K.L.:
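Following this message is one structure expressed as structure tokens.
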Amino acid sequence: TGREMTASAFMAAVQSLAGGLVAHGLGRGAVVALMAPNLPEFAVIFHATAWAGLILTTLNPTYTAEEARHQLNDSGAVLLITIPAFLATATEAVAGTAVADIAVIGAAPEEAMPLAALMGAPLAAQVPVDLAHCGEDRQPEDEPPNAPALDRHELPLWCELPELSQEVPRVSLERDP
């Protein structure tokens with residue numbers, strides 16, 4: 001795209017979108033779907049959802065509405081973010097899913113919510129991820145209506161990470177004499 005973004009502008013956008021997502025009513029563990037090509041906003045959305053303690057599912061932009069609907073249902077997404085070129089497919093895909101809103105990156109048609117409307121007061125601190133109790137705070141009654149059944153034996157892959165405090169071997173970059 002030729003667009004540039006400084007690190008401070010990027011972080012400000014991440015925190016602003018994270019704050020806006022929380023203000024929009026999305027709580028820790030809620031699923032946001034993203035159907036867009038590689039744009040600077042893709043990275044902002046990716047990191048903002050993580051910053052807010054949300055889960056991001058990325059949809060292939062070449063998916064048909066039926067394929068996208070399958071992933072929306074499978075993931076339990078409650079918000080879908082896309083671009084104007086994919087809005088028709090996105091609108092068709094959300095029928096029969098838990099998705100309550102579609103936000104559009106860039107110039108949104110009048111009937112659509114622009115992503116800019118989700119920007120809010122910056123969320124200063126990242127919502128922590130509790131690996132020790134991964135999945136324990138999710139209860140079946142908290143799940144979106146079309147979410148897959150909760151099975152405590154099939155936790156997300158990141159719940160199975162090895163101990164992160166393990167000592168990492170250090171490598172010397174000095175040359176031998």
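Computed from a prediction, not measured in an experiment: that's the story for all the values here.
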K.L.:
Which residue pairs satisfy the side-chain hydrogen bond (donor to acceptor under 3.5 Å, both in side chains) criterion with at least one member in residues 106-120, sequence neighbours excluded?
P.N.:
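Every pair satisfying side-chain hydrogen bond (donor to acceptor under 3.5 Å, both in side chains) with a residue in residues 106-120: there are none.
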K.L.:
Under the side-chain hydrogen bond (donor to acceptor under 3.5 Å, both in side chains) test, which residues partner Ser16, sequence neighbours left out?
P.N.:
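side-chain hydrogen bond (donor to acceptor under 3.5 Å, both in side chains) list for Ser16, sorted by chain: empty.
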K.L.:
Nearest 0.5 Å, what's the CG-CD1 distance between Leu118 and Ile81?
P.N.:
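These two atoms lie 6.5 Å from each other.
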K.L.:
Between Trp51 (side chain) and Leu123 (backbone), is there a donor-acceptor pair under 3.5 Å?
P.N.:
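Confirmed, Trp51 side chain pairs with Leu123 backbone.
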K.L.:
If every non-hydrogen atom of Val31 is compared with every non-hydrogen atom of Ser75, which pair is closest and at what distance?
P.N.:
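Here Val31 and Ser75 meet closest at CG2-O, 3.3 Å.
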K.L.:
Would you give the length of the straight line joining atom OG1 of Thr62 to atom CD of Glu67, rounded to the nearest 0.5 angstrom?
P.N.:
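Here the interatomic distance stands at 7.0 Å.
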K.L.:
Please say which of Thr97, Val94, Thr57, Leu34 ends up in a side-chain contact (heavy atoms from CB on, under 4.5 Å) with Leu80.
P.N.:
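It is Val94, the one option of Thr97, Val94, Thr57, Leu34 that forms the side-chain contact (heavy atoms from CB on, under 4.5 Å) with Leu80.
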K.L.:
Val104 and Ala112: which non-hydrogen atoms are nearest, and at how many Å?
P.N.:
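Closest pair (atom of Val104, atom of Ala112, distance): CG2-CB, 3.7 Å.
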K.L.:
Just to verify, what does His24 make a side-chain hydrogen bond (donor to acceptor under 3.5 Å, both in side chains) with, not counting sequence neighbours?
P.N.:
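Here the qualifying residues are Asp101.
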K.L.:
Tell me which pairs pass side-chain hydrogen bond (donor to acceptor under 3.5 Å, both in side chains) where either residue lies in residues 77-93, with sequence neighbours left out.
P.N.:
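Found none.
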K.L.:
For Phe42, is the CZ atom crowded, meaning more than 12 foreign heavy atoms sit under 6.0 Å from it?
P.N.:
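Yes, because the 6.0 Å sphere around CZ of Phe42 holds more than 12 heavy atoms from other groups.
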K.L.:
Go through Leu54 and Leu79 one step at a time and tell me if the side chain to side chain contact (heavy atoms under 4.5 Å, CB included) criterion holds.
P.N.:
CA-CA 11 Å; Leu54 308 174; Leu79 171 67; over 6 Å; no
K.L.:
Going by the salt bridge (charged side-chain N to carboxylate O under 4.0 Å, His left out) test, which pairs reach into residues 37-57, not counting sequence neighbours?
P.N.:
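Listed once each, the pairs are Arg3-Glu41.
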K.L.:
List in chain and number order the residues that pass side-chain hydrogen bond (donor to acceptor under 3.5 Å, both in side chains) with Gln15, two or more places apart in sequence or in another chain; answer none if no residue qualifies.
P.N.:
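Residues passing side-chain hydrogen bond (donor to acceptor under 3.5 Å, both in side chains) with Gln15: none at all.
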K.L.:
If I take atom CG from residue Leu56 and atom OG1 from residue Thr49, how far apart are they, to the nearest 0.5 angstrom?
P.N.:
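The CG atom of Leu56 sits 4.0 Å away from the OG1 atom of Thr49.
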K.L.:
If every non-hydrogen atom of Ala30 is compared with every non-hydrogen atom of Val78, which pair is closest and at what distance?
P.N.:
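Where Ala30 meets Val78 most closely, the heavy atoms are CB-CG2, 4.3 Å.
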K.L.:
Sub-3.5 Å donor-acceptor pair from the side chain of Gln71 to the main-chain atoms of Thr58, do we have one?
P.N.:
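Here the side-chain-to-backbone pair exists.
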K.L.:
Examine distances only and state if a side-chain atom of Arg69 and a backbone atom of Ala95 form a donor-acceptor pair shorter than 3.5 Å.
P.N.:
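Yes, the answer is positive, given that a donor and an acceptor are paired below the 3.5 Å cut-off.
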K.L.:
With rounding to the nearest 0.5 Å, note down the distance linking CD1 in Ile45 to CG in Leu21.
P.N.:
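If we round to the nearest 0.5 Å, Ile45:CD1 and Leu21:CG are 9.0 Å apart.
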